[in-house]
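Report on the structure given below.
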Amino acid sequence: MTRILNGINSPADLKPLSCEQLKQLAQEIRDEIELVTHQTGGHLGSALGVVELTLALHRVFDLSDDRLIWDVSHQVYPHKLVTGRRDRFRTLRQFGGLSGFACPAESPYDVYMFGHAGTAVSTALGVLCGDQHRGRERKVVAVVGDGSMTCGVAYEGLNNAGGLKKNLLVILNDNRWSISQTVGALSKYLDKIRAAPLYREAKQELKNLIEKLPLVGAPMERVLQTVAHGVKHTIHGVNIFEELGFDYFGPVDGHDLVAVEKALRQVKDIRKPVLLHVLTEKGHGHPGAETDSQRAHAAKVGAAPSMKLASPAAPGAPAESGGKIEPPKPPAPTKTWTQVFAESAIELARIDKRVLALNAAMPEGTGLAKFQKEFPDRYYDAGICEQHAIAFASGLALAGNRPIAAIYSTFLQRAFDQIMHEVCLNKNPVLFCLDRGGIAGDDGPTHHGVFDIAYIRPFPNIAVAAPKDGHELFRMMEWALKQDMSVALRYPRSSVPDGEAVLFGKEIRLGEAEWVREGKQGAILAYGAMVYPAMEAARRLAEKGLDLAVVNARFAKPVDEDAVQRLCAGQPFVLTVEDHQLLGGFGSAVLEAAQTCGADARKIARIGIPDRFIEHGTRAKLLEMLGLDASGIARSAVKCAERAGVITKPIAL
Ligand SMILES: Cc1ncc(C[n+]2csc(CCOP(=O)(O)OP(=O)(O)O)c2C)c(N)n1
């Protein structure tokens with residue numbers, strides 16, 4: 001049987017479909033998403049939860065003109081499938097293929113490239129007001145998950161929209177899950193609304209009653225208005241969205257396509273801020289989703305798809321669905337940095353009762369779920385609100401504790417001001433552990449953590465460092481928790497390097513680098529996860545007769561000035577290597593240090609991330625592309641050696 005999906009080339013193709021056809025289409029979309037994400041990884045559960053909502057939105061609105069903004073935009077797979085990207089869907093999250101997030105470069109139906117939570121209401125309101133300034137009338141819709149509604153910035157947007165009384169439509173996609181279960185009082189509040197679905201109807205009935213009554217004058221109307229408010233308060237208590245100036249509708253069953261469509265048509269032309277509350281199930285249709293939504297949030301690459309699906313090559317498989325799926329990646333050979341971090345945090349908390357740990361809605365991603373199990377009273381999940389999490393951590397420190405804040409490098413950008421203001425200025429020592437420091441991989445530019453050195457380094461009272469391997473991560477954390485200052489450590493999304501047991505290294509001291517390889521014909525000064533590839537490059541070059549020293553920088557702040565001086569004085573060249581933006585990064589810090597200590601900065605060359613956003617792809621592939629794998633580092637070192645006159649004949653690599 002030919003799939004209906006194969007005939008959907010744009011949202012216009014959805015409009016003539018019958019209810020039955022739409023149901024079948026919803027199932028086909030789910031099957032396709034399951035099939036593809038099991039090969040490519042991706043936000044399976046979030047996408048499966050919005051299939052009906054997506055279809056309804058595209059049927060009710062003309063989203064080639066009206067604007068639809070998805071918060072985070074990790075749930076857009078059904079939207080991609082019905083907006084002309086079906087043929088390339090199997091390249092999802094692959095290098096050169098479709099992005100896992102909304103991407104305006106891919107489609108005019110995508111308004112923003114997003115990956116950070118909480119900004120859909122603000123941006124949608126901006127687009128709406130911007131349109132009106134230019135005399136353009138079109139609907140703007142923001143879809144926000146209940147997890148993203150824990151972001152403070154979402155309320156800044158709601159507050160502004162309610163105040164401006166603009167005709168913004170906000171859809172609250174409430175599946176009760178963030179990545180893990182949504183935390184905080186808001187989720188309990190939404191539970192209460194869910195349990196009292198009669199409010200809208202009750203209010204409507206009262207309105208009907210008022211309309212049917214004979215003219216009884218304004219006083220009676222006022223009485224009835226008061227009664228209406230009374231009903232609202234009896235059923236819900238205060239509805240916070242209404243208090244913020246929104247007309248609240250719902251809750252609606254988000255998997256009942258007819259009901260969602262009807263609700264959307266009802267609110268479509270209301271010229272006030274409207275919040276439509278839609279109840280969905282994360283991972284809807286994926287067996288086990290009800291019991292294990294954490295797992296359903298993202299598909300594990302290579303895990304068996306839960307449904308019986310035609311393999312891409314099998315007869316009857318959707319021929320129109322072109323695109324290449326790369327074979328599943330082999331399992332990681334050793335522990336991940338995240339695992340080593342989590343085990344280290346637990347170990348250190350056992351030793352020191354003052355150690356507490358917190359994260360912002362990422363207990364699994366940061367590894368702190370393990371810590372929570374062992375120390376439930378010493379663990380906090382702040383929700384998706386990094387600003388709050390860091391201000392909160394400063395308070396924990398102020399009270400004499402040693403908080404460890406585990407936050408992805410890219411998401412900590414949100415807390416720039418809290419790092420400066422609540423933590424550094426007030427000298428409240430927090431240990432920042434930045435997971436996904438460096439190229440993060442398949443999630444792409446929204447998730448690469450390549451700015452952290454630059455955004456943390458300017459602040460006084462904080463050290464910035466990166467371990468070369470798992471063993472050093474533990475020792476840096478141990479050291480950091482004894483300091484009277486904050487420390488920010490970063491480590492990448494990958495396995496810890498093999499062979500770490502060989503390199504025990506010297507004791508950690510503030511601002512001291514570690515010599516890991518002697519050599520006289522030049523030096524590589526590498527930062528964090530770049531140390532092992534730098535050593536591999538030096539090993540390969542030694543085989544070709546080029547004898548390079550390798551230094552593990554350990555600190556980007558303070559930089560080891562003594563080491564910089566010695567290297568610049570004693571070596572023909574110094575090549576800095578970092579998995580970070582070159583502007584304001586580690587190499588910049590080394591140049592500054594060279595200038596401060598009077599070293600010959602002309603000998604310093606830098607490699608790292610260039611001044612552009614890096615696309616998605618595996619970490620290995622992207623590092624190779626950027627010349628930051630062992631081969632690339634070796635190539636750069638050879639160039640430096642040529643320029644310095646160390647070698648006269650080219651080295652074939
Ligand atoms: C600022 C920020 N912090 C953390 C994340 C990681 N993150 C991605 S999706 C997600 C959960 C979002 O939950 P919700 O909005 O309810 O959407 P759902 O996946 O449940 O549909 C989180 C925490 C993020 N994207 N942005």
Side-chain angles (χ1 to χ4, degrees), residues 33 37 41-54 69-79 100-102 112-123 142-154 170-184 186-187 190 254-255 277-284 286 289 292-299 358-366 368-369 381-390 405-416 418 434-436 440 442-449 493:
I33 291 171
T37 56
H43 290 99
L44 170 68
S46 313
L48 294 183
V50 296
V51 174
E52 287 80 9
L53 176 61
T54 305
I69 301 183
W70 298 91
D71 208 287
V72 191
S73 86
H74 61 314
Q75 69 289 68
V76 293
Y77 305 165
H79 167 80
F101 295 90
Y112 273 92
M113 171 173 268
F114 274 165
H116 293 194
T119 53
V121 177
S122 304
T123 47
V143 180
V144 189
D146 58 305
S148 298
M149 273 288 181
T150 64
C151 294
V153 65
V170 175
I171 296 177
L172 170 58
N173 171 33
D174 180 6
N175 57 25
R176 309 180 74 208
W177 286 82
S178 183
I179 287 183
S180 300
Q181 200 147 16
T182 304
V183 294
L186 178 77
S187 73
L190 292 179
H255 299 300
H277 189 175
V278 177
L279 303 183
T280 59
E281 183 188 43
K282 197 154 187 165
H284 190 72
H286 176 81
D292 196 354
S293 296
Q294 158 66 39
R295 187 145 13 111
H297 178 83
L358 68 138
N359 74 102
M362 306 295 285
E364 299 291 334
T366 59
L368 280 186
D381 179 351
I384 316 178
C385 40
E386 290 75 9
Q387 300 98 307
H388 160 69
I390 299 310
I407 303 208
Y408 289 7
S409 165
T410 189
F411 300 143
L412 190 64
Q413 288 165 195
R414 286 278 169 96
F416 181 71
Q418 283 71 24
L434 277 61
D435 202 313
R436 273 66 166 169
D442 310 325
D443 284 331
T446 55
H447 282 57
H448 297 319
R493 181 190 195 185

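Both ligands and their constituent atoms are indexed starting at 1 by order of listing.
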Quiz item: Taking the six-membered ring for Trp, are His447 and Phe101 ring centroids under 6.0 Å apart?
Solution: yes
With [X], which residues qualify under side chain to side chain contact (heavy atoms under 4.5 Å, CB included), at least two apart?
X: Ala120; result: Ile69, Asp71, Ala142, Val144
X: Gln418; result: Gln387, Ile390, Ala391, Ala415, Glu422
X: Asn359; result: Met362, Pro363, Thr366, Leu368, Tyr379, Asp381

Exercise. Specify whether His43 and Tyr77 have parallel, tilted or perpendicular ring planes, treating 30° as the upper limit for parallel and 60° as the lower limit for perpendicular.
Key: tilted
Nitrogen or oxygen contacts under 3.5 Å, ligand 1 side and protein side:
residue: ligand 1; atom: 3 (N); partner: Glu386; partner atom: OE2; Å: 2.7
residue: ligand 1; atom: 15 (O); partner: Ser148; partner atom: N; Å: 2.9
residue: ligand 1; atom: 15 (O); partner: Ser148; partner atom: OG; Å: 2.7
residue: ligand 1; atom: 16 (O); partner: Asp146; partner atom: N; Å: 3.4
residue: ligand 1; atom: 16 (O); partner: Asp146; partner atom: OD1; Å: 3.3
residue: ligand 1; atom: 16 (O); partner: Gly147; partner atom: N; Å: 2.7
residue: ligand 1; atom: 16 (O); partner: Trp177; partner atom: O; Å: 2.9
residue: ligand 1; atom: 19 (O); partner: Ser46; partner atom: OG; Å: 2.8
residue: ligand 1; atom: 19 (O); partner: His74; partner atom: NE2; Å: 2.7
residue: ligand 1; atom: 19 (O); partner: Lys282; partner atom: NZ; Å: 2.7
residue: ligand 1; atom: 20 (O); partner: Asn175; partner atom: OD1; Å: 3.2
residue: ligand 1; atom: 20 (O); partner: Asn175; partner atom: ND2; Å: 2.9
residue: ligand 1; atom: 20 (O); partner: Trp177; partner atom: O; Å: 2.7
residue: ligand 1; atom: 20 (O); partner: Lys282; partner atom: NZ; Å: 3.0
residue: ligand 1; atom: 21 (O); partner: Asn175; partner atom: ND2; Å: 3.3
residue: ligand 1; atom: 25 (N); partner: Gly115; partner atom: O; Å: 2.8
residue: ligand 1; atom: 26 (N); partner: Ala117; partner atom: N; Å: 2.9

Quiz item: If you measure from CG on Asp435 to CZ on Phe411, what distance do you get to the nearest 0.5 Å?
Solution: 10.5 Å
